[in-house]
Amino acid sequence: MLWGRRRTLTAAITATTLTAVLLLTGCSAQVDAGSAGAVEAERELSGIDGVRSVRGSGTNNLPFAGTVSVVVTADDDLSDAQLLRVTHEVGRWIADASGQGTTYSGSMEADGFDFPVRRHASENEELLSVVDRFRGDDRWLGGRVSAPEPSGTGGGRIALAVRHPGDLVRGWEAVRKTMASSGWETATASASWWQTPPEERLPSDDAELQITDHVPGSDDTVGDPSVEIAAYERVTAAHEVTRASVAPGRIHLHLTDLDDVRDATALARQAAPDAQVIVDGGIVTKDVPQGDDDLPDAADYDEADRLAAVAVRPGVTAVSVTPTGLRVTVDDPDEVLATATALAAAAPADPVTSIRVGPQEAADGAGDAADQDIASNADRLSVSGSPEMLDASIQVGTQLRGFPPASSEQFDTNESVAATLSDVEQVPAFVEALRPVLPDGTGLHVRLAGRGTGGTTQLTLRNGVLTAEPLRNGEERGTDRTDLERALQDAWNR
């Protein structure tokens, strides 16, 4: 698992259900073919012995054509023979219902194990021979199983979810043993553990612990992670690991105690000297940049690591780093300014390009951040900037201290300030505070407290003159906004 990049094994896998998902596409005599197909599937499949319930849904793509999704839930704890029979009957229904212009596909879930339904009984038997090796073992919660392509061209997968974190390595070993005995050389493998129960898990939730033979985020890195597993075991024997991603050539660990990071890194590198070893802990988390095709190496975090050590100070509750930036979470406005000042004094260097300090993740625009702050009705301040412009942002933030919630962002691509005034009478004091420090070109988002969007205005400082931005589609310049804009421009441009 790599923090910041989402991967999931399956959503809400349960240990007590059998589920089949069938997709029907084609024509029928019904105008609303999808809806009619769902009703028919529910009626037909609910008659299979051992089926607890059937839920169908249909989409009517065109007149006389549609798509149907059906979920079949079987009785708990089916024997191997019973599961095979149910699978055959579902597959037979697919084959019997197929006709000219009609195509079907389906997948089944048995005791938390999801696998596709094949058209040929022999293929379903092969899949079930693998699934049945895991079903019934209390150490496993479930997983996803798919066989390699019949042509032998590749594909296939065994992804196992373990019940307890201590069974992660044993789960991995069980997966590898099963793959080897089944002749699934091209299949990918993983073993994972989630802290969140299956019924409470979202599809986007990462596993806290995962071992895999392919590097998440990379399509072409597949191999044997035995050396990396040895490094993982060596670290877990000495320190408490709460999150881990173990893959060929790559280890990412999060420890309970930040003070243990140095020792854990050394232990892992001794066991896996050729791997990329990335370790964080406590309130510090290393993330992978979103949308980056190339995964960062451990050394890419060196400068961000140095700055993170500066950011860990009283009042700071979280530090999230990528190779190019820091997000520091701190609530108290005075500590926001103190932390940002300490980071600026540390002289941030390449490749770090962004530093954000405040009570929440900074939004893309200062206006959005102000809206969130106002919605929470809190006395909040955030300060953000590039290394070259962070000092300027701190100066602005210091002057915004009396107009919360407020934020200052100073980047080459975005210079913006957001502030909240109690009423128009505060405008002179606000202008007096900002005039000496507000950089030219900055966008100014000002809101009157308690007035909603009608009491909000957006202006820009250009060549020393404060100019109101044109209205957006659907916006109206009401009395509150007009009075606020006029007061700001009169006070600044006099």
Side-chain angles (χ1 to χ4, degrees), residues 333-334 336-338 340-341 344 356-359 362-363 365-375 377-386 388-472 475-494:
D334 292 332
V336 168
L337 294 170
T341 300
R356 300 179 181 273
V357 184
D368 293 336
D371 289 344
Q372 295 173 16
D373 282 333
I374 289 170
N377 195 29
D379 179 19
R380 294 187 173 187
L381 174 69
S382 63
V383 173
S384 307
S386 62
E388 299 80 11
M389 302 175 73
L390 185 57
D391 277 326
S393 190
I394 294 169
Q395 292 180 32
V396 174
T398 300
Q399 299 304 314
L400 291 174
R401 185 67 183 85
F403 308 97
S407 64
S408 171
E409 293 197 12
Q410 296 296 321
F411 297 94
D412 290 338
T413 57
N414 177 36
E415 295 177 88
S416 60
V417 168
T420 306
L421 308 184
S422 59
D423 52 46
V424 175
E425 301 302 320
Q426 267 199 306
V427 166
F430 176 70
V431 169
E432 183 179 357
L434 282 189
R435 188 191 294 277
V437 297
L438 191 68
D440 201 71
T442 299
L444 190 60
H445 181 99
V446 183
R447 171 176 294 215
L448 295 175
R451 306 292 180 87
T453 57
T456 301
T457 187
Q458 183 78 38
L459 305 98
T460 303
L461 183 63
R462 296 186 179 94
N463 299 319
V465 177
L466 201 61
T467 304
E469 291 298 312
L471 293 176
R472 301 174 184 176
E475 286 187 332
E476 295 182 1
R477 186 171 272 108
T479 301
D480 286 336
R481 179 169 183 165
T482 299
D483 292 346
L484 179 59
E485 286 179 358
R486 182 180 294 116
L488 286 165
Q489 291 177 291
D490 288 347
W492 194 286
N493 299 332
R494 58 192 167 101

Contacts of E469 meeting salt bridge (charged side-chain N to carboxylate O under 4.0 Å, His left out) (sequence neighbours excluded), chain-then-number -> R462
Those residues at least two apart in sequence (or on a different chain) that pass side chain to side chain contact (heavy atoms under 4.5 Å, CB included) with E485 are T457, A468, R477, R481, Q489
Exercise. Under a 4.5 Å cut-off applied to non-hydrogen side-chain atoms, are N493 and T467 in contact?
Worked result: no
query = Backbone N or O of V383 within a donor-acceptor pair of the S393 side chain at under 3.5 Å?
reply = no
Rounding to 0.5 Å, atoms CG (L400) and OG (S407) come to a distance of 7.5 Å
Residues passing the side chain to side chain contact (heavy atoms under 4.5 Å, CB included) test with T442, sequence neighbours excluded, are Q410, E415, V417, L438, P439
Applied to residues 404-439, the ring pair (Phe, Tyr, Trp, His ring centres under 6.0 Å) test, sequence neighbours excluded, yields F403-F430
Sequence neighbours excluded, the answer for salt bridge (charged side-chain N to carboxylate O under 4.0 Å, His left out) partners of R435 is none
For A491 and V431, the nearest pair of non-hydrogen atoms, with its separation, is CB-CG2, 3.8 Å
When every non-hydrogen atom of Q426 is compared with those of S422, the smallest separation belongs to OE1-N, 2.7 Å
I'd like to check V437 versus T398 (side-chain heavy atoms, cut-off strictly below 4.5 Å). Are they in contact? no
Shortest non-hydrogen pair, L484 vs G455, comes out as CD2-O, 3.7 Å
Shortest non-hydrogen pair, G397 vs L381, comes out as O-CD2, 3.7 Å
Task: Flag side-chain contact, heavy atom, 4.5 Å: L448 against L421 - done: yes
To the nearest 0.5 Å, atom OG1 of T456 lies from atom NE2 of H445 at 5.0 Å
Between W492 and the options L459, V465, V427, L461, the side chain to side chain contact (heavy atoms under 4.5 Å, CB included) test singles out L461
Heavy atoms of P359 and R380 approach each other most closely as CG-CD, 3.6 Å
- prompt: Does any non-hydrogen side-chain atom of P333 lie less than 4.5 Å from one of R401?
  reply: yes
Here the gap from L390 atom CG to T341 atom OG1, rounded to the nearest 0.5 Å, amounts to 8.0 Å
The reported gap from OG1 in T420 to CZ in R451 (rounded to nearest 0.5 angstrom) is 12.5 Å
Residue set satisfying salt bridge (charged side-chain N to carboxylate O under 4.0 Å, His left out) with D483, at least two apart, ordered chain then number -> R486
